[in-house]
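Every chain is numbered from 1 and lettered A, B, ... according to where its sequence line falls, protein lines coming before strand lines. Hydrogens, waters and symmetry mates are skipped; everything else that's a heavy atom, side chains included, is used.
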Number of protein chains: 2
Amino acid sequence: MTTSDWGALARRALVGSGHRLGGAREAVVRLLSRQHCCLSAQEISDRLRSEGSSVGIASVYRTLDLLHGMGLVQRVDVGEGGHRYEPVVPGGEHHHHAVCQSCGKVTAFEDRRLEDAIDRLSKRLGHGVVGHDVLLRGTCTRCEGRSRAA
Amino acid sequence: MTTSDWGALARRALVGSGHRLGGAREAVVRLLSRQHCCLSAQEISDRLRSEGSSVGIASVYRTLDLLHGMGLVQRVDVGEGGHRYEPVVPGGEHHHHAVCQSCGKVTAFEDRRLEDAIDRLSKRLGHGVVGHDVLLRGTCTRCEGRSRAA
DNA sequence: TTGTTTGCAAACCTTTTGCACGTTA
DNA sequence: TAACGTGCAAAAGGTTTGCAAACAA
């Protein structure tokens, strides 16, 4: 699954559900499809502006909200005030995040065993579980090395 | 481990780290020690006010922040704007949360297999992992029954 | 007494909403 | 053309900060 597929998927989902593909939506989809890991709404807006597309922050939020409702965008909270957003393929593979408490760097990872544990857990609980988020907090290799040196 | 132990732990940690135990901190600690699952800062403030202690919301946040820094309070994001906070015993048993997308109800659960998977994963990753959060999203039994009936 | 804590109000930051204008199908 | 999408500015909601008065040790 390449990221460019996500763009096609998103455009199809938008149009297929009766939405129009205006400048703002197109720009946000194009940017996200080039992006593997999570960005804040402000970062998305800033990048688009620096590329010349002047997309209002409100439209960024509106587009993210729309895509989120279709399961094409995932909201990630790394606990620093504000959320981050990233493209996801519904039913496809997905990853989780580890955030460095020292520098704030976010790293994505996948883990089969973790997914299995959550699947079993979901069955055990009465709840019908449709999704899950996992966040690891710690120190990234770079910061760990730096603090050891100091 | 009973919850009243948490209160003692928190008070000791505050005083032991050179902080004073004023009215606001005492009130927040007392309320949290009676609480198993997560509350929002606003809920904490409201409950304290309805009990007669008029603690400013700023002091609630300041106390939560202090306790969070000591690992005695955990911040939980159930994705509805705003965080929730709950007491935790450092190194003690902990739980995670399942949130109902229909009614917003938050349920706590524990799962040994999940913890094991995260432990192994932590070792596999370069990161020094010091904590983790898991959130399940789905429909609680009550809402599931209701939608089936409709 | 002396530095710390507190409540209030104002500031801040992220996200949402109202609205007039521009655009899409 | 008629409905929808967009940018801007204002509003809203949660959290933080400045400050003078109250308080703990």
Problem - Distance in angstrom units between Asp77(B) CG and dG13(D) C1', rounded - result: 15 Å
Interface polar pairs with nucleotides 13-17 of chain C, N/O, under 3.5 angstrom:
from: dT15(C); atom 1: OP1; to: His83(A); atom 2: N; distance (Å): 3.0
from: dT15(C); atom 1: OP1; to: His83(A); atom 2: ND1; distance (Å): 3.2
from: dT15(C); atom 1: OP2; to: Tyr61(A); atom 2: OH; distance (Å): 2.0
from: dT15(C); atom 1: O5'; to: Tyr61(A); atom 2: OH; distance (Å): 3.0

Handout entry: Val15(B)-Val29(B) co-clustered via ILVMFWY side chain contacts under 4.5 Å
Key = yes
Problem - Note: Asp133(B)-Arg137(A) ion pair, threshold 4.0 Å (strictly below) - result: yes
Exercise for the section: Taking only Lys NZ, Arg NE, NH1 and NH2, and the carboxylate oxygens of Asp or Glu, determine whether Arg11(B) and Glu26(B) approach each other closer than 4.0 Å. Expected result: yes
Problem - Within 6.0 angstrom of Arg120(B) CZ, more than 12 heavy atoms from elsewhere - result: no
Practice task
Rounded off to whole Å, could you give me the CG-to-P distance for the Leu64(A) and dT6(D) pair?
Solution key: 12 Å
Practice task
Verify whether the ring centers belonging to His94(A) and His132(A) lie closer than 6.0 Å.
Solution key: yes
Fill in the blank from the handout: Taken to the nearest whole Å, CG/Leu14(A) to C1'/dC4(D) is 13 Å
Exercise for the section: Starting at OG of Ser122(A), measure out to CG of Asp111(B) and round the result to the nearest 0.5 Å. Expected result: 9.5 Å
Exercise for the section: Determine, for Glu51(B) against Arg34(B), whether the closest basic-nitrogen to carboxylate-oxygen distance falls under 4.0 angstrom. Expected result: yes
Practice task
Mind calculating the distance between CD (Glu43(B)) and C1' (dT15(D)) to the nearest angstrom?
Solution key: 16 Å
Exercise for the section: Mark yes when over 12 heavy atoms from residues, nucleotides or ligands other than Arg142(A) sit less than 6.0 Å from its CZ; otherwise mark no. Expected result: no
Handout entry: Chi angles and distances behind the side chain to side chain contact (heavy atoms under 4.5 Å, CB included) call for Cys38(B), His97(B)
Key = CA-CA 9 Å; Cys38(B) 46; His97(B) 303 91; 4.0 Å; yes
Handout entry: Arg11(B) CZ to dT5(C) P, straight-line distance once rounded to whole Å
Key = 16 Å
Problem - Test: Arg113(A) and Asp116(B) ion pair at under 4.0 Å - result: no
Handout entry: Euclidean distance, Thr107(B) OG1 relative to His95(B) NE2, rounded to 0.5 Å
Key = 10.5 Å
Each nucleotide N or O in nucleotides 23-25 of chain C that has a protein N or O under 3.5 Å away: list the pair and distance.
from: dT24(C); atom 1: O2; to: Arg20(A); atom 2: NH1; distance (Å): 2.5

Problem - Axis-to-axis angle between the two ends of the helix from dT1(C)-dA25(D) to dA25(C)-dT1(D) (five base pairs per end, rounded to 10 degrees) - result: 40°
